[in-house]
Amino acid sequence: MDREQGAVCSWQRDEGCELQESEFCSTHGGVNESLENRSATQNPLRRFLGEWFSSRPVLTAVLILLLLVLVLALGVALAVQSAAQVPVTPEILQCCPPGWVGSNGVCYYLSRDSRSWDQAQERCSELGASLAILQDEAMDLLFCLRGNVDYWIGLRRRGERLHWGDGSSYSSRVPVFGNSECVFLAENRLRSENCSNEQPYVCSKAQAAL
């Protein structure tokens, strides 16, 4: 029997020991103590954590909640950082057709062909625009873009007053030289000429919405 000291009894009756399920022999009581000591030695951290969490259920729930919040915040931060890196195309490049120049919500087309004032108005209409109706800021822009070319614009004398193509009166600080009927863009000023003369022209239209 000394060789069998500390061994677990078999479930067979002929071994001289009858046990209920999950029990060790009473004659070898040292077996239980040996297995428990071995388990505690092999998994001390698991045993400690199990006892700690089971004895503090509220604190455990709080820690889990904080961990979930931290993961969620990290995900949001990464999403915001990715969105901030998306390149933004300037509006002036988005809204005007190729060959047109955009400024302050308006697109301008400087022609390469020459026409009379009325023919130029017809051509601008085909392009979905009109002969240019200009504010002072737009005039400054076109004075820079014109080079050495004179361009018809949408300003015409009707009686004693000058009117734009949309019917509004001319009220700019830029003076108009000459007493002819139709107006064109010259070097740093506006001039008037006979409407039948052929020369390049400027069309304008609102920038298209994206």
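Residues take their numbers from the sequence shown, with the count starting at 1.
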Ser192 side chain to Phe177 backbone, donor-acceptor under 3.5 Å |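 A pair under 3.5 Å: yes.
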Are the side chain of Ser172 and the backbone N or O of Val174 linked by a donor-acceptor pair below 3.5 Å?
->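 Yes, because the side chain of Ser172 sits within donor-acceptor range (under 3.5 Å) of the backbone of Val174.
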[atom1]-[atom2] distance between [X] and [Y], expressed to the nearest 0.5 angstrom:
{"X": "Ser103", "Y": "Gln135", "atom1": "OG", "atom2": "CD", "answer": "11.0 Å"}
{"X": "Leu141", "Y": "Leu134", "atom1": "CG", "atom2": "CG", "answer": "9.5 Å"}
{"X": "Arg123", "Y": "Asp113", "atom1": "CZ", "atom2": "CG", "answer": "7.0 Å"}
{"X": "Cys182", "Y": "Leu162", "atom1": "SG", "atom2": "CG", "answer": "10.0 Å"}

Can we say Arg189 and Asp150 salt-bridge, meaning some charged N sits less than 4.0 Å from an Asp/Glu carboxylate O?
->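 Looking at Asp150 together with Arg189, the answer is no, because their closest N to O distance does not fall below 4.0 Å.
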Out of curiosity, does [Y] fall in the hydrophobic cluster containing [X] (side-chain heavy atoms, cut-off under 4.5 Å, transitive links)?
{"X": "Ile133", "Y": "Leu110", "value": "yes"}
{"X": "Val149", "Y": "Met139", "value": "yes"}
{"X": "Val176", "Y": "Tyr201", "value": "no"}

Does a side-chain heavy-atom distance below 4.5 Å link [X] with [Y]?
{"X": "Arg156", "Y": "Glu181", "answer": "yes"}
{"X": "Pro97", "Y": "Lys205", "answer": "yes"}
{"X": "Cys124", "Y": "Leu131", "answer": "yes"}
{"X": "Tyr151", "Y": "Arg146", "answer": "yes"}
{"X": "Ser130", "Y": "Gln121", "answer": "yes"}

Measure from NZ or CZ of Arg115 to the centre of the six-membered ring of Trp152, then state whether that distance is under 6.0 Å and the direction lies within 45° of the axis.
->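 No, cation not above the ring by the 6.0 Å, 45° rule.
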Please determine if Arg191 forms a cation-pi arrangement with Phe184, meaning its NZ or CZ atom is less than 6.0 Å from the six-membered ring centre and no more than 45° off the ring axis.
->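 Geometry flag: not set, cation outside 6.0 Å or 45°.
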Look at atom CD of Glu187 and say whether more than 12 heavy atoms of other residues, nucleotides or ligands are closer to it than 6.0 Å.
->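 No, not enclosed.
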Does CG belonging to Asp166 count more than 12 external heavy atoms closer than 6.0 Å?
->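 Yes, CG of Asp166 has more than 12 neighbouring heavy atoms, counting only those of other groups under 6.0 Å.
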Give a yes or no on whether the ring-centroid distance for Tyr108 and Trp100 is below 6.0 angstrom.
->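 They do not qualify: ring centres at least 6.0 Å apart.
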Between [X] and [Y], what is the shortest heavy-atom contact and its length?
{"X": "Trp164", "Y": "Ser169", "answer": "CD1-O, 4.0 Å"}
{"X": "Gly102", "Y": "Gln207", "answer": "CA-NE2, 3.6 Å"}
{"X": "Ser111", "Y": "Pro200", "answer": "OG-CA, 3.5 Å"}
{"X": "Trp117", "Y": "Leu155", "answer": "NE1-O, 3.8 Å"}

Run through Val106, Val202, Leu145 and flag the one making a side-chain contact (heavy atoms from CB on, under 4.5 Å) with Val101.
->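 Single pass found, and it is Leu145.
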Test side-chain hydrogen bond (donor to acceptor under 3.5 Å, both in side chains) on Asp118 and Ser116 and set out the steps.
-> CA-CA 6 Å; Asp118 291 304; Ser116 67; 5.3 Å; no
